[in-house]
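Single-structure report; data block below.
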Amino acid sequence: MINRFNIFIILSLCITLSGCRSTRDITYFQEGNSSKGSDKVVFPNFDKDKNAKFSTFEAIIAPSDILSIYVSSLSPEATAFFNTVNTPDQSSNAFTTRTSVGYLVDINGMIEMPLIGRIKLGGLSTRLAIDTLTHRLENYLQNPTVRIYFENFRITILGEVARPGIFTVTNEKISLTEAIGMAGDLSIYGDRKSVMLIREENGEKKFITLDLTSRDLFQSPYYYLHSNDVLYVEPVKARIAQSDNFYRVAPFIMSTITLIAVLITRFGTNN
């Protein structure tokens, strides 16, 4: 005799089998899982020698970056000229005073500072930019020191992750694994072998496909993200097929369930 429990077991089994995936498809950083020979462009060619040394990542200042610059020296009065700026407070008619100044890098990589005038920082790391500004400030201040921070370092993560969105980075360095952690990890339907990185360099968009199941990722030149990078986690084909099939067979399933329910009700009542 047909009963509700048997129907539940059958439907649960069908759903479970339709969603099965191999552990090799969802396990990160597998040993010996090289993407060599794949038709995906995982990284450009780079030296896989275990003794090879890879340069430390440094964020590079680019047009449209906003730099927070703080200057200090042995003369606080003179230093205040470079740091203090009055900005309107949006919540009132008053003005607020900031102890560091935000500078927008123009299309030519230039900023403009009081007394110093226009100076090119585009194409430099913050370390080199600090050296450049310190050298220029020595004409006006005694033993000046400079600190520079990115105010608009952010990345965008989309697709099959727990929390897609735009994330602000509080420093100038974030790895791919840290970014994925910020987004709450990939969902079970995220294709770990096909994570697209979209990056703009020299006015051109680059599209790079990364394989998160390979340990080679840690040696990739794309392991550290740049400001305004976009990560898109593609859904697995099973996810797309499952969604498509659901809308195809949903009416049939609902009709079948309704018929079974009617039969159970009728025969159950007779018994």
Side-chain angles (χ1 to χ4, degrees), residues 21-22 24-30 32-48 52 54-66 105 107 109 122-125 150 152-169 171-244:
R21 292 187 63 193
S22 168
R24 289 188 62 82
D25 293 332
I26 60 176
T27 303
Y28 294 114
F29 321 130
Q30 298 172 40
N33 184 23
S34 175
S35 55
K36 186 175 181 180
S38 170
D39 57 351
K40 297 179 183 296
V41 181
V42 181
F43 340 110
N45 293 329
F46 60 93
D47 190 2
K48 291 192 175 184
F54 296 88
S55 59
T56 303
F57 172 80
E58 288 187 299
I60 302 300
I61 299 170
S64 299
D65 279 341
I66 301 175
V105 182
I107 193 171
L124 302 179
S125 64
F150 286 92
N152 65 330
F153 196 113
R154 58 181 179 267
I155 58 175
T156 303
I157 306 177
L158 304 172
E160 290 290 342
V161 293
R163 295 187 299 273
I166 300 174
F167 300 89
T168 299
V169 180
N171 54 42
E172 59 186 48
K173 184 177 181 179
I174 182 170
S175 68
L176 183 63
T177 50
E178 289 172 327
I180 291 172
M182 290 173 61
D185 201 1
L186 277 65
S187 73
I188 193 64
Y189 297 108
D191 191 345
R192 285 148 177 80
K193 296 183 179 181
S194 185
V195 176
M196 182 181 296
L197 170 64
I198 305 172
R199 174 175 296 173
E200 183 172 344
E201 290 184 347
N202 301 320
E204 295 184 359
K205 288 285 193 304
K206 297 179 64 176
F207 298 85
I208 304 98
T209 302
L210 304 173
D211 183 353
L212 301 187
T213 67
S214 172
R215 292 187 181 182
D216 291 343
L217 180 73
F218 292 99
Q219 295 178 314
S220 166
Y222 300 106
Y223 180 66
Y224 288 103
L225 301 180
H226 296 183
S227 181
N228 298 316
D229 276 356
V230 177
L231 284 177
Y232 172 63
V233 180
E234 298 181 14
V236 293
K237 293 180 180 179
R239 168 71 157 180
I240 300 172
Q242 184 183 50
S243 177
D244 185 51

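Keep in mind that the numbers below use all heavy atoms, side chains included, and drop hydrogens, waters and symmetry copies. Numbers for residues simply follow the sequence, beginning at 1.
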Checklist entry - Is the shortest distance from a Lys or Arg side-chain nitrogen in K193 or D211 to a carboxylate oxygen in the other one below 4.0 Å? => result no

Checklist entry - Do you know which two heavy atoms are closest between D65 and F150, and how far apart they sit? => result OD2-CE2, 3.3 Å

Checklist entry - Any donor-acceptor pair under 3.5 Å linking the side chain of N152 with the backbone of I66? => result yes

Using 0.5 Å steps for rounding, measure from the [atom1] atom of [X] to the [atom2] atom of [Y].
{"X": "R192", "Y": "T213", "atom1": "CZ", "atom2": "OG1", "value": "10.0 Å"}
{"X": "L212", "Y": "L176", "atom1": "CG", "atom2": "CG", "value": "6.0 Å"}
{"X": "S227", "Y": "I155", "atom1": "OG", "atom2": "CD1", "value": "9.5 Å"}
{"X": "E172", "Y": "Y224", "atom1": "CD", "atom2": "OH", "value": "12.5 Å"}
{"X": "N228", "Y": "H226", "atom1": "CG", "atom2": "NE2", "value": "11.5 Å"}
{"X": "L210", "Y": "L197", "atom1": "CG", "atom2": "CG", "value": "5.5 Å"}

Next on the checklist: Using the side-chain contact (heavy atoms from CB on, under 4.5 Å) definition, which of the options I157, L186, V233, V195 pairs with I180?
Outcome noted: L186

Next on the checklist: Can you tell me if E204 has over 12 outside heavy atoms packed within less than 6.0 Å of its CD?
Outcome noted: no

Checklist entry - Taking the six-membered ring for Trp, are Y223 and F218 parallel (under 30°), tilted (30 to 60°) or perpendicular (over 60°)? => result tilted

Can you find a pair of side-chain heavy atoms, one from [X] and one from [Y], that are under 4.5 Å apart?
{"X": "K205", "Y": "I198", "result": "yes"}
{"X": "F167", "Y": "I174", "result": "no"}
{"X": "F153", "Y": "N171", "result": "no"}
{"X": "L231", "Y": "D229", "result": "no"}

